[in-house]
2 protein chains.
Amino acid sequence: MARANLTSAAVIAAAAELADRDGFDTLTLSALARGLGVQTASLYSHVRDRAALIEGVHRLALGELADRIALAIGGRSGRDALTAFADTHRDYARQFPGRWTALQRPASAATVRSEPAGRLAALTLAMLRGYPLPETELVHATRLLAATVNGFLALQANGSITHRQPATEDSWQWALDALDTVFRSRDTEGKP
Amino acid sequence: MARANLTSAAVIAAAAELADRDGFDTLTLSALARGLGVQTASLYSHVRDRAALIEGVHRLALGELADRIALAIGGRSGRDALTAFADTHRDYARQFPGRWTALQRPASAATVRSEPAGRLAALTLAMLRGYPLPETELVHATRLLAATVNGFLALQANGSITHRQPATEDSWQWALDALDTVFRSRDTEGKP
DNA sequence: CGGACGTACCTAAATGCTTTAGGTTTTTGC
DNA sequence: GCAAAAACCTAAAGCATTTAGGTACGTCCG
């Protein structure tokens, strides 16, 4: 029988595809092995256990997302960049629901400190520097942005945003407007 | 042997406690049966399957959260009510991590349309009516608020908000300030 | 060119969870 | 006091995770 010649990366990539295609819950080592034409136990040479597999998908998704965001926000600033940033998140979640679910799972400290995670954080910071935010508030703004974007997509994914009027798309635009306004108006230190 | 005299509600309540105590992942019918001093198969008289059990915890949590929020925002308005609303969410997530995780899971259409879900939505709407928001934007504001609060807590839970400076608490306050500002400033229809 | 070594993959097996099927006992309602 | 309903049981099939130990393929070095 032809040998599959797997690597850790190949196994994780296959896991990501499986999760996107059949749903995150069906991401089992058995199903993965079946799809790869390999015995389940063989996968343990490439991946420590199921948790490590999921963490691998998480990290893969972080990198892919960072790549897309770098492309999307390049050359833009202000509201344009914000829209590109958020829409790229949304499109990624739509196109790769399994990977996106993996992104929502708790990550190890190593992953949080990993290169793709840092890159994504750096890109977000860079984009927010297009707004007149005091340096001390940049991290707050980063956290608010990440919370809002991910929270919105999570609400959508878990059905909390019903398909009633108004359309989800309108609320998305409204939320981005709100964030844009907040970030834009934060330089006025003294309130009237 | 004394009979446990379980009901569907009792099983779900025990599941919620188990999930809070030992983590959501250990919420298995086996562990639950063990804790209740009952055979695993017996639980299937009260709960259709594992997914239904989780959905039950989800619905239970919705009701509990709605109760707490009703208490917290009663008599308050504006920024006070907003803070109470958000902090109640945060405290609930802290105190009942298992139930809170259940809340993040996809829910069936029946749960989305359930009484506690409607109550929570109504409470949120009522609170936002304390702001000068046009009627047409109330739903947008509701969604933004839910997305931000849940997104922030999710970020915290999954480790994305590292324990570096500035403190998470400061970012939380900053985010609430931002939301308050947005909701407060939305009555100015024509931009200058 | 040929063996040695590492790696990819295998079989086998233990453990544990989910779920269905069907039987027994307790409670409840008339 | 009896019949029906509800609560609980045993048994068993099916699948997933994980460990242990073995076989075959490629590659590197003498």
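Values below: all heavy atoms of this structure, side chains included; hydrogens, waters and symmetry mates excluded. In the text below, chain A, chain B and the rest are named by the order of the sequence lines, each starting its count at 1.
Using a 4.0 Å cut-off, no side-chain N or O of B/R48 falls inside it from OP1 or OP2 of C/dT18. Look at B/S42 and you'll find a side-chain N or O under 4.0 angstrom from OP1 or OP2 of D/dC9. Side-chain nitrogen and oxygen atoms of A/H46 include none within less than 4.0 Å of the OP1 or OP2 phosphate oxygen of C/dT7.
Set against D/dA7, D/dA16, D/dT18, the side chain of A/S30 has D/dA16 as its closest nucleotide. Of all nucleotides listed (C/dT20, C/dT11, C/dC9), C/dT11 comes nearest to the side chain of A/Q39. Considering only side-chain atoms of B/L6, the nucleotide from D/dC8, C/dT20, C/dC17 that sits closest is D/dC8. The side chain of A/D49 lies closest to D/dT18 when the candidates are C/dT18, D/dT18, D/dA7. For B/R50, taking side-chain heavy atoms from C-beta onward, the closest of the listed nucleotides C/dT18, D/dA7, D/dA16 is C/dT18. With C/dT19, D/dT17, D/dA16 as the candidates, the nucleotide lying closest to the side chain of A/R34 is D/dA16.
Regarding B/N5, its CG atom lies at a distance of 13 Å from the P atom of D/dA6, rounded to whole Å. One can place CG of B/L53 at 9 Å from P of C/dT18, the figure rounded to the nearest angstrom. Between B/L29 atom CG and D/dC9 atom C1' there is a gap of 16 Å when expressed in whole angstrom units. With rounding to whole Å, B/Y44 atom OH is found 12 Å from C/dC17 atom P. Taking atom CG on B/L27 and atom C1' on C/dC17, their separation rounds to 12 Å, with Å as the unit. Following rounding to the nearest Å, B/L43 (CG) and C/dC17 (C1') show an atom-to-atom distance of 12 Å.
Salt bridge status for A/E135 with A/R129: present, with a side-chain N to carboxylate O gap under 4.0 Å. Ion pairing of A/E115 with A/R119 is present here, as a side-chain N (NZ or NE/NH1/NH2) and a carboxylate O approach within less than 4.0 Å.
Among the atoms of the strands shown, base atoms are found under 4.0 Å from some heavy atom of A/A41. Using a 4.0 Å heavy-atom cutoff across all strands shown, A/S45 reaches at least one base atom of the nucleic acid.
Note on ring orientation: taking the six-membered ring where Trp is involved, the planes of B/W174 and A/F183 are parallel (angle under 30°, cut-offs 30° and 60°).
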From CA spacing to verdict: side-chain contact (heavy atoms from CB on, under 4.5 Å), B/V57, B/R99 = CA-CA 6 Å; B/V57 175; B/R99 294 169 213 224; 4.3 Å; yes
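Remark: of the listed residues A/E169, A/Q95, A/Q156, A/E169 is the sole one forming a side-chain hydrogen bond (donor to acceptor under 3.5 Å, both in side chains) with A/R90.
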